[in-house]
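Just below is one structure, and these are the notes that go with it.
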Protein chains: 2
Amino acid sequence: MTFSKSFGYALRGILYVSLLKDEPRKISIDEIAEKLSVPRHFLGKIMKAVVKAGILSSTRGLQGGFFINEKTLGTPLLTIILLTEGNNYFNTCLLSMRKCNSSNPCPLHNKVEEHKDGLLQIYGQTLVSDLLQDDKADFIKSLATVEAA
Amino acid sequence: MTFSKSFGYALRGILYVSLLKDEPRKISIDEIAEKLSVPRHFLGKIMKAVVKAGILSSTRGLQGGFFINEKTLGTPLLTIILLTEGNNYFNTCLLSMRKCNSSNPCPLHNKVEEHKDGLLQIYGQTLVSDLLQDDKADFIKSLATVEAA
DNA sequence: AAGAAAAAGGATATAAATGTCCTTTATTGA
DNA sequence: TCAATAAAGGACATTTATATCCTTTTTCTT
Ligand code: FES
Ligand code: FES
């Protein structure tokens, strides 16, 4: 059920850049890290992988930064999950056995299969664009880590 | 979606001991580790926590080992999950924000809430006894880690 | 009482995830 | 061409999860 922090950072970074798609400027890692209250250098490392995967684009140098490309908004969540959690995220057995396998299922397998598939469906169908909200200010607020509940 | 290895080891250990509930002997950590192909010392540490939580019982000394008690078979999966993954497993936000909170939801929250709740239901309702199979030999086989698919 | 067996407990080791820092490379504008 | 800026890349530090080992305590058998 849980994803790594890397996934959270990646998705939030992508969403933040996507949200500002109409601004002429590119978005720097410093801005993203600050607005999301996320460790700057670690985020940089993750965003590099995001760009390498083609989910976002970036340029170096003055006026450089991150910006969306033709793939960004249509990227399914699943792509981002597999990027940060590894390609085997959905075929690892819940009980730490080698491969999740319905022909030789572990004791938990059949109990959760339905919901596991359901989540996989959702992750495959939900696009970055589906997660953006109209109210930008409110959305940015919901992207920032908040200590207090 | 994924649990830690500790959870897999714990549940499999519990299931193995439960499966042998009709045998007069107690089950040693060596036997469990060997049958499940799991690291012996690490498993010992986890089983200690399982016993401390009252899910299994154990005695030291000659003829000692692990055995089920009145709670074992009726223990819901959820109890074991919270034991190994921590009590906040189901209220941590998927995007690494402070608290999963439907009044101030992250962008992913509403998308997955239904399935998250569904899994929680299943984990709360599924008991150790529900995971045991009649065919012991087959079941033990399904408990053992298998390298090859 | 003595010895053996087995869990419990604690100390340490290794690996992976997370986080920080510094250097290099690319881009822009003067 | 030069200086400034920002991502990319790589080295290193810290923390957490996983794994191993050794000692202590308990229990049983003789
Ligand atoms: S979850 Fe264990 S085999 Fe599928
Ligand atoms: S999953 Fe993020 S707030 Fe609930």
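All figures in this text were calculated on a predicted structure; none of them were measured in a lab. We name chains A, B, ... by the order of the sequence lines, and we start the count at 1 in each one.
With sequence neighbours excluded, no residue forms a side chain to side chain contact (heavy atoms under 4.5 Å, CB included) with B:R60. By the salt bridge (Lys or Arg N to Asp or Glu O under 4.0 Å) test, B:D138 is found to be paired with no residue, residues two or more places apart in sequence or in another chain being considered.
For the side-chain contact (heavy atoms from CB on, under 4.5 Å) criterion with A:R12, the lone passing option out of A:L43, A:V38, A:V17 is A:V38. Considering A:T59, A:I27, A:L20 in turn, A:T59 is the only one that fulfils the side-chain contact (heavy atoms from CB on, under 4.5 Å) rule with A:F67.
Linking Ile, Leu, Val, Met, Phe, Trp and Tyr residues whenever their side-chain heavy atoms come within less than 4.5 Å places A:I14 and A:V51 in a single cluster. Note: the hydrophobic cluster containing B:L120 also contains A:L108 (ILVMFWY, side chain heavy atoms under 4.5 Å, direct or indirect links).
No contact: B:F7 has no heavy atom under 4.0 Å from any strand. Using a 4.0 Å heavy-atom cutoff across all strands shown, A:K5 reaches sugar-phosphate atoms only and no base atom.
Annotation: the span from B:K111 atom NZ to A:Q125 atom CD amounts to 9.0 Å, rounded to 0.5 Å.
Rounded to a whole Å, the CD1 atom of B:I46 is 10 Å from the C1' atom of D:dA17. Per the geometry, NZ belonging to A:K48 stands 14 Å off C1' belonging to D:dA6, to the nearest Å. Rounded to a whole Å, the CG atom of A:D30 is 14 Å from the C1' atom of D:dA4. Following rounding to the nearest Å, A:M47 (CE) and D:dG9 (P) show an atom-to-atom distance of 14 Å. For the pair A:I32 CD1 and D:dA7 C1', the computed distance is 11 Å after rounding to whole Å.
Of the charged side-chain nitrogens involved, at least one lies within less than 4.0 Å of a carboxylate oxygen, so that A:R25 and A:E31 count as a salt-bridged pair.
Listed by residue number, the members of residues 18-28 of chain A with any heavy atom below 4.0 angstrom from DNA chain C form an empty set. The stretch residues 35-43 of chain A touches DNA chain C through A:P39, A:H41, A:F42, each having a heavy atom within less than 4.0 Å of the strand. Contacts between residues 50-71 of chain B and DNA chain C, defined by a heavy-atom separation under 4.0 Å, are made by B:V51, B:S58, B:T59, B:R60, B:G61, B:L62, B:G64, B:G65, B:F66.
Proximity of the aromatic rings of A:Y89 and A:Y123 is defined here by a centroid distance below 6.0 angstrom, and this criterion is not met.
Which of D:dA7, D:dT18, D:dA11 sits closest to the side chain of A:K45 comes down to D:dA11.
Of all nucleotides in DNA chain C, those with any atom nearer than 4.0 Å to a heavy atom of chain B start and finish, going 5' to 3', at C:dA5 to C:dA11.
Between the side chain of B:N110 and the backbone N or O of B:P105 there is no donor-acceptor pair closer than 3.5 Å. Side-chain atoms of A:N88 do not come within 3.5 Å of backbone N or O of A:N91 as any donor-acceptor pair.
The environment of B:Q133 atom CD is dense: over 12 non-hydrogen atoms of other residues, nucleotides or ligands sit within 6.0 angstrom.
Considering all non-hydrogen atoms of both residues, A:S96 and B:S4 come closest at OG-O, 4.0 Å.
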